[in-house]
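Here, residue 1 is the first one in the sequence, and each next residue gets the next number.
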Amino acid sequence: YYAHTRQFAREHAATGTADVALVFCNGVGPHYGVDAVTRDRLAFAARLHAAGAVSAVAGIGGHWRQNLPGGARMRDFLLKQGVPAEAAFADRSSYDTLTNIDESLRMAGEAGWQEALVISSPLHAYRILSLLKRYDRSGRVWRVRTFTPPDRSGLYHTWREAHHEWLAWAVYLILPEETFRDVMRYRRTSD
């Protein structure tokens with residue numbers, strides 16, 4: 001894991017640093033309000049920051065009814081990992097991939113980020129990249145590099161995540177966007 005991180009940081013440094021690592025929440029858990037996979041992603045991003053491969057780190061997502069201050073909890077975890085306060089960010093309110101994209105684009109616009117490193121699972125990263133290309137109407141150059149830290153969750157998690165991602169993509173393609181957003185808002189934020 002650590003050797004993999006150092007190797008990636010060296011390869012990335014050869015092409016220059018990214019403005020930000022966008023760390024997408026995997027799920028809600030009891031420790032700092034995020035699950036173990038999200039904590040691994042955040043710790044990985046903190047190591048990239050320490051290696052100089054990214055200038056800032058932003059926690060994206062996790063604002064579900066069980067965990068409304070999810071972004072703040074991700075930022076707190078980054079601070080505990082040694083990321084300085086001025087380089088640790090968190091979104092305000094996103095709870096699904098579409099609102100993750102909304103918040104990522106809002107934050108990029110406010111901070112002036114031009115290149116982002118997306119840290120998520122492979123299938124989620126694919127969906128993120130597709131949505132970023134669709135929704136970024138700013139005219140700015142949005143360069144994204146994807147990387148997924150090694151997943152310690154095993155075969156069941158991989159199987160479950162593949163089915164979840166393809167189901168989410170299919171439902172998004174079938175339903176009108178506003179209906180999809182309403183369903184996700186209700187599912188993730190209502191009691």
Side-chain angles (χ1 to χ4, degrees), residues 1-64 66-97 99-122 124-125 128-129 132 136 140-153:
Y1 181 80
Y2 294 107
H4 195 62
T5 302
R6 284 193 299 272
Q7 176 188 348
F8 179 76
R10 280 194 301 271
E11 290 170 6
H12 191 71
T15 61
T17 61
D19 296 321
V20 63
L22 299 173
V23 180
F24 286 77
C25 183
N26 182 69
V28 174
H31 190 67
Y32 296 108
V34 293
D35 69 351
V37 172
T38 303
R39 289 193 317 273
D40 281 350
R41 292 175 185 172
L42 291 165
F44 173 76
R47 287 186 194 93
L48 288 178
H49 181 269
V54 296
S55 301
V57 180
I60 306 295
H63 297 276
W64 302 345
Q66 312 95 311
N67 192 44
L68 292 178
R73 290 182 176 158
M74 286 193 282
R75 185 174 187 273
D76 289 345
F77 187 84
L78 289 169
L79 296 173
K80 290 177 192 277
Q81 296 294 306
V83 177
E86 65 274 7
F89 296 85
D91 84 44
R92 296 182 212 159
S93 61
S94 71
Y95 50 84
D96 71 339
T97 304
T99 57
N100 293 164
I101 298 304
D102 295 341
E103 281 292 293
S104 297
L105 293 172
R106 179 195 61 77
M107 293 170 71
E110 287 178 4
W113 297 328
Q114 294 297 311
E115 182 176 356
L117 174 67
V118 172
I119 299 178
S120 190
S121 65
H124 193 227
I128 291 164
L129 293 177
L132 279 169
D136 187 9
R140 136 188 94 230
V141 177
W142 185 269
R143 294 182 306 270
V144 179
R145 297 178 188 269
T146 59
F147 179 77
T148 304
D151 186 356
R152 299 183 299 158
S153 300

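- The shortest non-hydrogen separation linking Ser55 to Ala87 is O-CB, 3.6 Å.
- To the nearest 0.5 Å, atoms CD1 (Ile60) and CD1 (Ile119) are separated by 11.0 Å.
- For the pair Asp19 (side chain) and Glu115 (backbone), a donor-acceptor distance under 3.5 Å is present.
- Thr97 is listed as a side-chain neighbour of Ile128, based on a closest heavy-atom distance under 4.5 Å.
- A heavy-atom distance below 4.5 Å is not found between the side chains of Val57 and Phe89.
- Every residue meeting the side-chain contact (heavy atoms from CB on, under 4.5 Å) condition with Asp96, not counting sequence neighbours, appears here in chain and number order: Leu98, Thr99, Phe180, Met184, Arg188.
- In this structure the side chain of Arg41 reaches within 4.5 angstrom of the side chain of Ser121, judged on heavy atoms.
- For the residue pair Gly59 and Met74, the shortest heavy atom distance occurs at C-CE, 3.6 Å.
- Across Ala43 and Phe77, no two heavy atoms sit closer than the pair N-CE2, 4.0 Å.
- Looking at Arg75, its side chain does come within 3.5 Å of a backbone N or O of Ala88 through a donor-acceptor pair.
- Partners of Tyr95 by ring-ring contact (aromatic ring centres under 6.0 Å, His included), not counting sequence neighbours: none found.
- Scanning for side-chain contact (heavy atoms from CB on, under 4.5 Å) contacts around Glu103 gives Asp91, Arg92, Ser93, Ser94, Arg106, with sequence neighbours left out.
- Here the straight-line distance linking atom CD1 of Ile101 with atom CG of Asp136 works out to 9.5 Å at 0.5 Å rounding.
- Atom CG of Leu132 and atom CG of Leu105 lie 5.5 Å apart (nearest 0.5 Å).
- The minimum heavy-atom distance linking His49 with Pro84 is given by the pair CE1-CD, 3.4 Å.
- Counting all heavy atoms, side chain and backbone alike, Val54 lies closest to Ala45 at CG2-O, 4.2 Å.
- Annotation: side chain of Leu117 is not in contact with side chain of Val20 (no heavy-atom distance under 4.5 Å).
- Here Ser120 contributes atom OG and Asn100 contributes atom CG; the two are 8.5 Å apart, rounded to the nearest 0.5 Å.
- Atom CE of Met107 and atom CG of Leu22 lie 7.5 Å apart (nearest 0.5 Å).
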